[in-house]
Amino acid sequence: MPGEDGYELWLRYTPVSDATLRGEYRAMLRPANVLGNSPTALVTQRELNYGLGRLLERSTDQPNRSTGSGLIVLTRAQLNSIAGNVDAVGVGETVLGPLRALVERELDEAGSEGFTIQRWRGPSGSGLVVAANSDQGAMYGAFHLLRLVQTHTPPQRMATTTAPRVGLRMLNHWDNLDRSVERGYAGSSLWDWHLLPDYVSPRYTDYARAMASIGLNATALNNVNSNALVLTEEFLTKVAALANELRPYHIRVFVSARFSAPIELGDLQTADPLDPNVRAWWARKADEIYRHIPDFGGFVVMAKSDGQPGPQDYGRSHVDGANLLAEALAPHDGLVIWRAFVYDHEVPEDRAKQAFDEFVPHDGQFGENVLVQVKNGPIDFMPREPFHPLFGAMPKTPLVLEFQLTQEYLGFATHLVYMAPLFQEVLSSDTQARGSGSTVGRIVDGSLEGHQHSAMTAVANIGTDRNWCGHPFAAANWYAFGRLAWDHRLDPARIAEEWLRMTFTNNVKFVEPAKRLMMESRETCVNYMTPLGLHHIMAGSHHYGPGPWLDQGRPDWTSVYYHRADQEGIGFDRTKTGSNAVAQYSPEVRARFENIGTCPEELLLWFHHVPWDYPMRTGRTLWDELCHRYYAGAEAVKAMQAQWDLLEPLIDRARFEHVKALLAIQAKEALWWRDACVLYFQTFSKRRIPQVLTPPDRPLMYYRNVKHHFVPGN
Ligand code: BDP
């Protein structure tokens, strides 16, 4: 098989080889007729021509002669206005009447961005209709139809009606204006600021296609550790050029704004949010931005964290800061997305508590166009964390759920870790905020509290690498995030299957084992990095590889602050005998976590300092269990390698070899993690590694001396 470079992502549109199925699809879908000539209708028509052409046309196929059949893509308004204009869609009123009734009913469920796909039959032909309440919804429907064909869905199972549960489905690029990417492991930034606006790379269109195909509708272009320059006239023309490319695909552009911009751009002496000149400055800036980008989404702001300036510099609060910007954007319908990822230079007794303590008192005080963006867990994108206690604790404020696709703490773009099980674990966590069923998903989608705005976002893992995300499997995380932002109840295994079928092959001999491999990969990563609720024990600064011994520098950036291993045991006591962070959860959740007997073992060392001989559910002591988990993680990567090797004949050589090589690195590094951690924690436990496990062959000193130079993303 020829090599593939991964550029096409899940939009490869490989020909449907089964002639019968291809024939059925052709009869239903050719020709494809998208009504209207809005920019969105035009890109939809283009995608269908391209996609269906590649999927369904063989040089030996007969052209579809039956007139009055095929695919019709339209909006509700178009459906209603074509009465009497049979030529527009090639079907007569006998078809249109019943179709209209059916579609109307379905579209009541579809909202402004959803769609329905239905079968129609008439005297002279039959086909499918994709209908929506907007051209945006129709575009999503067309992409979904292409997904159904790409995954060889039987024609009788194609009818569906769906609407996104979350309003703003977004990526956050941590891209700097010099094209470096903070925590980026897939090359440089996609945005070629130097050549923009004069050169607009075709890659931006392919980015937009990929985004739209999974329903993503917003992007924040630059790093949250932001540079005020992005707000200058010079850069706004560049941002506008990108926005123009993304607009037909209904992707709204946001930028990360630096709170001190009024000073840094040389206009004022202060950025105090209550200063009238500062307010006037932001209002003028907003007007200027909207002159360039009329549908500009708004600002993402990280204030008072990682050394970023914020309202606290002037003795003001998060509310003062967020509302200042909200007031400037409100006349233009812009949004402020204020991040709750905060920590002070005053090191708190437990960093996990800080966001909650700072934000909960402000619930109900933020402007109507402010959303507060909260990471999935209270520390920082670890392989596993409990859900963030802010979910459920700020009922009057729309909360944005933030994930991180780049795998900063999950082996970068080097390790194969399918993150949808992590996303789903968070989304389905029950906060009990309003009794059982108050899941994070229902808080984020706004349905629990009836919020007008809702949003989900993820730190992008995209760069200039030819295959976009570095690891050939890393694009699955981008894909899965989009699908779950559309509907957080979707099953991660099904999403993996869709992605595999589109990205590699429909051959079940490949799809089934590859899907299992993906589904187990996250738990495997947890086991060889941070089992049983351990967290934040990676190397300092670049965060690659193990560093449980890290004890120098700011305490809450060290590892010993988090694992607290000593002669007695290991783990962070977050119950009332410790930091009492557990009290930030609702009473039911709190009760479960704070009782060592009911706390899930996956989170045991997150909430408890546990004696080395504590009896675990397996019957082993904690120490033995910890060793077993580390060893199981490393073994599981070897099993992934063996499994992958069996798949060699089923896919193209280039991607097979690429994954094989990366899995070999992952296997080596899983051993590195295992041995470094087991040996280090053994210096406290003073217990033997269980006899059934082969002890590490190198001493702890070796691991402590491992140095990595020029680690990307740092
Ligand atoms: C941490 C990253 C840091 C980011 C921070 C954030 O290490 O580079 O600035 O998250 O979310 O995980 O802003």
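Every number for a ligand or one of its atoms is a count from 1 in the order of the listing.
- With respect to R351 and D380, a salt bridge is recorded, a charged nitrogen being found less than 4.0 Å from a carboxylate O.
- The side-chain hydrogen bond (donor to acceptor under 3.5 Å, both in side chains) search around H563 returns Y680, not counting sequence neighbours.
- Under the side-chain hydrogen bond (donor to acceptor under 3.5 Å, both in side chains) test applied with D175, the options S189, S256, S188 reduce to a single match, S189.
- Not counting sequence neighbours, the partners of H488 by the side-chain contact (heavy atoms from CB on, under 4.5 Å) test are R165, L427, D445.
- Listed by first and then second residue, the salt bridge (Lys or Arg N to Asp or Glu O under 4.0 Å) pairs that reach into residues 402-421 are R183-E408, R339-E402, sequence neighbours excluded.
- Inter-residue side-chain proximity for N176 and N222 is flagged as unmet; no heavy-atom pair is nearer than 4.5 Å.
- Near ligand 1, W174, E182, R183, V224, N225, M302, D306, R339, F341, K375, D380, E408, Y409, H543 each place a heavy atom less than 4.0 angstrom from the ligand.
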